[in-house]
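Worksheet: one structure, shown below.
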Amino acid sequence: LTQATSTAGLPRLPFATIRVWRSFAVIVLAAIGLRLAAYAWLAAPYGGLVQAMCKFDCGWYERIALFGYGADADWGEFGSIPHWAFFPLYPLAVSTAHELLGLSARLTGMLLSSLFLAGLVVIGAKYLRVTRRVFRPMLWLIVALLFPYSFFLSAVYTEALFAMLSAGSLLALHRHRPLLAGILAGLTSATRPTGILLTPIIVAERVRALWRGRYRQDRVALLAETLLPIAVAPLGLFLYMLDQYSSIGDAMAFSHVQVLWGRSWGDPLGRLWTGVASWDFSLLLEVHSNAYAASFALVGLAGAGWLALRRRGAEAWFLAGCILLPASSGLDSLPRFVAANPVFLYVVYDVSMLLIGKRGQPVLLAALAAVLGALQVTLLLAWYGGAGAVF
Amino acid sequence: LGVALLLLGFEVTILGIGFFGAEVSPEYRAYFIDRLTTQWGTEAAQATGLTSR
């Protein structure tokens, strides 16, 4: 695969064939299966894989998948109110698969997330292949599956679905398929609120297309080609807002309810600065560390800046937005939001490429895999143990 | 083009309802206002815009 896609200007035919992509997909699925087996082995002292992996928000998604957004007495006086913060597409997918397969919601969620992760790896490979001068499939596989926080991409969380859909939207846009990009962006916005950040990218691309086609005779068709992807891109969020408005009378309930987690709107950069200044790294792996969360976000922003310098505006916007939007309401979960973002994984791939060189000595690849794998095991064990810092 | 305009109209309406026109149920409003006021004071509660609805 590496030889087939070596440098720009050389033939890319073998990797472009369906057969090779199919083989790559099988390798990805096998690698994810092996990864899950390793997770299960490590989870034995923590009550087994499914129980050990289901922490924090997993419970919310599980209950929404099983009982919908309705009554829920599990959170005392707050009832089902906190459910509104969790967007519907992922629990809907888990609920549907749970009904079809007859497996527990947690196991179904893990299997679905792993499948979405496979989709992300394949889509990411296709994206990197057409946007980077050199693409090395093995390096991408190592980054996507061994990066420390990537275990979230197999957990009952929205990370894998969000990453796969947003990566798909960016790929479709790059391939000049704006309506598909809009539909995928619409699904992304039904998965997480930050999915809405794909809409400005589609607007910018469509406005450029409109300008390019300004001499076309069929103006109505041109306008339709411009407006339809733009209209579809935020549809998931707006349908969820309509649902919340019709059921409880507040279309912004998903945002208002964030107060339950102590989140309120503020200056994101100020919050990051305050977080770093608190210098509470000593709390790491015990409780939540503001300095660690803020530092992780700053690393992500540095990655976005680097992408901007390399004139990858859409990637830079999406990564920076996915950090600054949640940072404007608090520092919780920022490491997860950064590390499971597909564009951040692309940045890690780019940086790794710089470190190991275009030829990518196998020894260096193995060393990178060992370092990333060791870090992931450390975080995974902390996650199994219920350390809030990892979250 | 018709579908696109219809969708955009729907989205603008929902945005308007979300930010300016929502009729929030009394129980929901009371719950949030109480929670916000307790934790961050009256100013924070008013900042959400829920108190004026």
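In the text below, chain A, chain B and the rest are named by the order of the sequence lines, each starting its count at 1.
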Enter the distance from Ile17(B):CD1 to Gln244(A):CD here, rounded to the nearest 0.5 Å.
-> 13.0 Å
Separation between OG1 of Thr13(B) and CG of Leu242(A), rounded to the nearest 0.5 Å =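 Answer for the OG1-CG pair, Thr13(B) versus Leu242(A), is 10.0 Å.
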Inter-chain contacts: residues 231-239 of chain A against chain B, heavy atoms under 4.5 Å = Ala231(A), Val232(A), Pro234(A), Leu235(A), Phe238(A), Leu239(A)
Taking only heavy atoms into account, what residues of residues 165-190 of chain A are found under 4.5 Å from chain B?
->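 Checking residues 165-190 of chain A against chain B gives no residue, so none.
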Where on Leu15(B) is there a heavy atom nearer than 4.5 Å to chain A: the side chain, the backbone, both, or neither?
-> both
